[in-house]
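The shown structure was predicted, so the numbers you read here are calculated from the model rather than taken from an experiment. In listed order, ligands and their atoms are each counted from 1. The basis for the numbers below is simple: all heavy atoms, side chains too, and nothing from hydrogens, waters or symmetry mates.
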Amino acid sequence: MIKFLDLQKVTAKYADEIHAAVNRVVDSGWYLQGEENKKFEADYAEYIGTNFAVGCGNGLDALIWIFRAYVEMGVMKPGDEVIVPANTYIASILAITENGLKPVLVEPSLENYQIDDSKIEDAITEKTKAILIVHLYGQCAYTDKIGELCRKYHLKLVEDNAQAHGCMYHGRKTGSLGDAAGHSFYPGKNLGAFGDAGAVTTDDEELAKVVRAVANYGSQRKYVFKYQGRNSRLDEIQAAVLDTKLKHLDEDIAIRKQVAKFYIEHIANPRIITPVVKDWDAHVFHIFTIRCAQRDALQQYLTENGIQTVIHYPIPPHKQECYKEWNNLSFPITEQIHREELSLPMSPVMTEEEVKKVVEVVNGWNL
Ligand SMILES: *Cc1c(COP(=O)(O)O)cnc(C)c1O
């Protein structure tokens, strides 16, 4: 079977370096908030192109801490609104509601699945304080128009960069385009830890300080508590693993792009829509999406023919039980994407043979 993502193989590729890094931490006797964190934060900030990176427990927390810090800083208050794409992973939305802020859902474009910037201005009200863009599937969601709207209405621009480490917009990395960005290092992400891990990047020194404090019991000095914080720190072992893997991220992204190019050039089944890529720097292919009106039948056929696929995502946020109050809302484009999306195997360890086999099977499908 061709796996959707073979994590064992992903790790094996750099096994010697990773084992050395893990052993270094094990032998050091220092497991939290030490030199490994400092090194990874410095290297990651440099990679993204921001002044600060602050490690934390996971990607959801990274986003939660950004909004929490803005509330603590008096930039936002409960009841304020945050514009966010209607088609995103639930974490983007949870980070907003967790802080008593109100998500205002905006439809994506059917061409690239990113927030439709022509629909944002209508959603802005007196209470709007921020736009949270999500670089979904690893593709840049930022546009110059979004930047202009943020300046015109004095809105913070927050990026959910969980799926897009290494993605570029006109020479700058996503995660450095707005006021702050949340990053996830969940094992399956392009830069993945051996468990949960996350980070916030920003150029705003005050924000970085507050994020670091709220993720560490609300403390800036030991045993002195400025905020009612929580415990959400990056483990030293995870920081060491991430710093090791960061060195190879760009070569891994290059392989993802080769796989994506092959898929796009060779998938020729009239029922299947492959991604539209206008700028190859602006997509790191965390996920390779196809769309198909008979998605479920296609997925079953692929499974029967030894190809594992995943749906990102089967139920949109506004149809989830945890947001009952939105269940009657209608977002037709979002719903269509959730009905038709299918993710093909994609990773930096796929063999040429495997990629060819996927194409062959996909092209051989006719109902
Ligand atoms: C993975 C992901 C998150 C959350 O990251 P975790 O580390 O799993 O908490 C947030 N947003 C998006 C778009 C994601 O894909």
Distances for all N or O pairs of ligand 1 and the protein under 3.5 Å?
residue, atom, partner, partner atom, Å
ligand 1, 5 (O), Ser184, OG, 3.1
ligand 1, 7 (O), Gly59, N, 2.7
ligand 1, 7 (O), Ser184, OG, 2.6
ligand 1, 9 (O), Gly59, N, 3.3
ligand 1, 9 (O), Leu60, N, 2.8
ligand 1, 11 (N), Asp160, OD1, 3.3
ligand 1, 11 (N), Asp160, OD2, 2.7
ligand 1, 15 (O), Gln163, NE2, 2.7
ligand 1, 15 (O), Lys189, NZ, 3.1

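Here the side chains of Gln258 and Tyr263 are not in contact, with every heavy-atom distance at 4.5 Å or above. Residues Lys357 and Glu353 have side chains not in contact (no heavy-atom distance under 4.5 Å, counting atoms from C-beta outward).
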Using distance only, find each side-chain donor-acceptor pair of residues 45-54 under 3.5 Å and give its atom names and separation, not counting sequence neighbours.
residue, atom, partner, partner atom, Å
Tyr47, OH, Asp250, OD1, 2.6
Thr50, OG1, Phe52, O, 3.1

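In terms of the salt bridge (charged side-chain N to carboxylate O under 4.0 Å, His left out) criterion, residue partners of Glu340 (sequence neighbours excluded) are, by chain and number, Arg291. By the ring-ring contact (aromatic ring centres under 6.0 Å, His included) test, Tyr70 is found to be paired with no residue, residues two or more places apart in sequence or in another chain being considered.
Rounding to the nearest 0.5 Å gives a distance of 11.0 Å between CG of Leu329 and OG1 of Thr334.
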